[in-house]
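If you read the sequence from its start, that first residue is 1, and numbering goes on from there. For clarity, every value in this text was computed on a predicted model and none was experimentally measured.
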Amino acid sequence: LSTDSDESDDTEDNPKDEHWVVPKIFYLKMSADYNRYLIEFQDYSDQDWSQTAEDARNAYNQAFETAKAHLDPSHPLRLELVLSMCRFYYDIDNDKERAKTLAIDETYNCSQHLKHCKDLGAEHEKTSRSVNRITTQMIQWGFYVVEGKQTPPK
């Protein structure tokens, strides 16, 4: 038994023990994705639609705030979360500007972060795939992303 005041059973409150971060973000993302998928099958007249959308929005926001606080901008989970959030904003909230801005900002943050990394390691391939998926989605929506800057379709 330890009596050290820095140790705690509640790892979420202990900044020295961050093994909880990735599972928490992953869980929140999956919860939000599940709600987003439910919305796709619900009738817009359903009363549950707005509550399901709010649940998804809250889970995405909580996951993103945690990711921004604890994960590098190039972390694959953070990028996949961004992609899911962009799809939610674009398809469900019908907020195309917010989807575009988030995608552009986060791909730019990722590219800036990678410029300063000396050892890209094994995560680099996953990061590249995630950035490619975000960029592909932006192209499908009619916008191109180059070095984090929006360019209009030609």
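Rounded to the nearest 0.5 angstrom, Ile25 CD1 and Leu71 CG are separated by 4.0 Å. We find the CG-CD distance between Asn94 and Glu97 to be 11.5 Å, quoted to the nearest 0.5 Å.
Classification of the His70-Trp20 ring pair by plane angle, with boundaries at 30° and 60°, yields perpendicular.
If you check the side chains of Asp33 and Ser84, you find a donor sitting under 3.5 Å from an acceptor. Asp55 and Gln51 are linked by a side-chain donor-acceptor pair at a separation below 3.5 angstrom, with hydrogens and angles left out of the test.
Considering all non-hydrogen atoms of both residues, Ala103 and Val82 come closest at CA-CG1, 4.4 Å. When all heavy atoms of Leu79 and Pro73 are compared, the closest pair comes out as CD2-O, 3.6 Å. Annotation for Ala56 and Ala32: closest pair O-CB, 3.5 Å, computed over non-hydrogen atoms.
Arg36 and Asp91 are not joined by a salt bridge, as no carboxylate oxygen comes within less than 4.0 angstrom of a charged side-chain nitrogen.
Linking Ile, Leu, Val, Met, Phe, Trp and Tyr whenever their side-chain heavy atoms come within less than 4.5 Å leaves Leu28 and Phe64 in two separate clusters.
Cation-pi check for Arg98 over Tyr89 is met; the charged atom lies under 6.0 angstrom from the ring centroid and within 45 degrees of its normal.
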TODO: Could you please spell out the steps behind the side chain to side chain contact (heavy atoms under 4.5 Å, CB included) verdict for Glu80 and Arg133?
DONE: CA-CA 8 Å; Glu80 290 299 319; Arg133 288 168 40 101; 3.0 Å; yes

